[in-house]
Protein chains: 2
Amino acid sequence: MKTYSISEVAKELNLTVYTLRYYDKEGLIPFVERTSNGTRLFKESDINALKVIECLKSTGMPIKEIKTFIDWCSEGDSTLPQRYDMFMERKASVEAQMEELKKTMELIEHKCLYYKTALEAGTEDIHKKEKITIF
Amino acid sequence: MKTYSISEVAKELNLTVYTLRYYDKEGLIPFVERTSNGTRLFKESDINALKVIECLKSTGMPIKEIKTFIDWCSEGDSTLPQRYDMFMERKASVEAQMEELKKTMELIEHKCLYYKTALEAGTEDIHKKEKITIF
DNA sequence: TTAATCCCTATAGTTAACTCTAGGTCAAGT
DNA sequence: ACTTGACCTAGAGTTAACTATAGGGATTAA
């Protein structure tokens, strides 16, 4: 079975070797095997697991909570309910983040317009006259 | 003109007074006036400015960059191009974040399904048989 | 008038998530 | 034989963004 070195995995996932070792130290990747002298050997499935970890991280989940999930995975079928709930919570969280981003986008787009108009007029005063000032 | 105390503003914006004083120290709200003995008096417009600051923060913009923007605002019309460019960049960034979140959501939803099926079957092995394993 | 409750500053401490350094092992190339 | 360049651990350092503490001033309620 093909394996990858830590630096190959780092490159593939746009992480540093420091980060990967840090994840290991924090218990996120206990399944990664080692050679007799301690060198980590990453399997394809380990890289996939890391992709899930990165996905969870991108939802804003802290590393400690991700570790809890990894621990559940190691414990087997008895933790299926917890893991299901966790992903449902993540889903709700991502939905909320999308809503937030939408609102943010509205304000940002408003400001883009605000500054476009001001730039064309050469002065911000145009908005004071028009009473559309926000800032 | 009506003014607000730091704790009123904190409550309104779901921040702490610590955070507001920290923002002040970092130069994000140089326009907030003071009484003779140093107590901050927030105007309605200051609260609106803080809402814009929170919006920028929610796009992932670091406080130092927000300060740069605030400085530009103080400098007047000569910095309109920079400010316009900044908001256009923010817009692009938020668009990218939305794309990212969408991809994240796909994986999360996939895992929700994965665990729903496993939960119904009582075991994760169902996926090993069906070869839909991801993790 | 005194106690509570707000406000202030300066500065120290915290937390998360890295990021780096020192010191060492091991395999491959010259 | 020796240098280069991967890899390793333990532990120190960094950064951002708070968060809290100590010590003090002003206003208000009893």
Side-chain angles (χ1 to χ4, degrees), chain A residues 2-43 46-47 50-70 90 93 97 100 104, chain B residues 2-43 46-47 50-70 90 93 97 100 104:
Chain A
K2 177 136 201 254
T3 59
Y4 304 83
S5 73
I6 194 165
S7 59
E8 285 171 327
V9 175
K11 193 174 227 175
E12 163 93 9
L13 299 178
N14 273 307
L15 298 170
T16 66
V17 293
Y18 299 137
T19 304
L20 285 170
R21 289 203 266 252
Y22 166 68
Y23 285 178
D24 201 0
K25 195 160 30 173
E26 293 301 308
L28 299 194
I29 48 174
F31 37 75
V32 173
E33 288 172 19
R34 308 277 190 127
T35 64
S36 52
N37 65 53
T39 299
R40 276 168 273 247
L41 292 178
F42 291 79
K43 300 184 291 296
D46 297 341
I47 295 176
L50 275 162
K51 282 178 185 166
V52 174
I53 288 168
E54 287 306 291
C55 171
L56 290 173
K57 245 172 37 81
S58 78
T59 72
M61 198 171 184
I63 276 168
K64 276 185 188 167
E65 277 178 48
I66 300 177
K67 185 195 168 1
T68 302
F69 166 67
I70 300 294
R90 280 302 95 198
S93 164
Q97 285 173 53
E100 261 303 294
T104 298
Chain B
K2 179 137 199 250
T3 60
Y4 304 85
S5 73
I6 194 166
S7 59
E8 285 171 326
V9 175
K11 191 173 228 175
E12 163 93 9
L13 300 178
N14 273 306
L15 299 170
T16 65
V17 293
Y18 299 138
T19 304
L20 284 170
R21 290 203 267 253
Y22 167 68
Y23 286 179
D24 200 1
K25 194 160 33 173
E26 293 300 308
L28 299 194
I29 46 173
F31 37 75
V32 172
E33 286 172 19
R34 307 277 190 126
T35 64
S36 53
N37 65 54
T39 299
R40 275 167 273 248
L41 293 177
F42 291 78
K43 299 183 293 296
D46 297 340
I47 295 176
L50 274 162
K51 283 178 185 165
V52 174
I53 287 168
E54 286 306 290
C55 171
L56 290 173
K57 245 171 38 79
S58 77
T59 72
M61 198 171 183
I63 278 169
K64 277 185 188 168
E65 276 178 49
I66 299 178
K67 185 195 169 355
T68 302
F69 165 67
I70 299 293
R90 281 302 96 198
S93 164
Q97 286 173 54
E100 261 305 295
T104 297

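In what follows, every chain begins at residue 1, and chains take the letters A, B, ... in the order their sequences are listed.
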Problem - A:R90 vs A:M61 side-chain heavy atoms within contact, under 4.5 Å - result: yes

Practice task
Output yes when a side-chain donor or acceptor of B:E8 lies under 3.5 Å from a complementary backbone atom of B:S5, and no otherwise.
Solution key: yes

Exercise for the section: For the residue pair B:F42 and B:R40, establish whether any side-chain heavy-atom pair is separated by less than 4.5 Å. Expected result: yes

Problem - Student check: side-chain heavy atoms of A:Y4 and A:L41 closer than 4.5 Å - result: no

Handout entry: Presence of A:K25 side-chain N/O under 4.0 Å of C:dT19 phosphate oxygens OP1/OP2
Key = no

Handout entry: Close side-chain approach of B:Y22 and B:T16, heavy atoms under 4.5 Å
Key = no

Exercise for the section: Identify, between A:Y22 and A:N37, the residue whose nearest nucleotide on DNA chain C lies closer to the 5' end. Expected result: A:Y22

Completion exercise
Residue pair B:S5/A:L15 against DNA chain C: nearer the 5' end by closest nucleotide is B:S5

Handout entry: Nucleotide interval of DNA chain D bounded by contacts with chain A (heavy-atom cut-off, under 4.0 Å)
Key = D:dA6 to D:dG11

Handout entry: Presence of B:T35 side-chain N/O under 4.0 Å of C:dC7 phosphate oxygens OP1/OP2
Key = no

Completion exercise
Regarding the side chain of A:Y18, the nearest nucleotide among C:dT19, C:dC6, C:dC8 is C:dT19

Exercise for the section: Examine C:dC8: is either OP1 or OP2 under 4.0 Å from a nitrogen or oxygen in the side chain of B:R40? Give yes or no. Expected result: yes

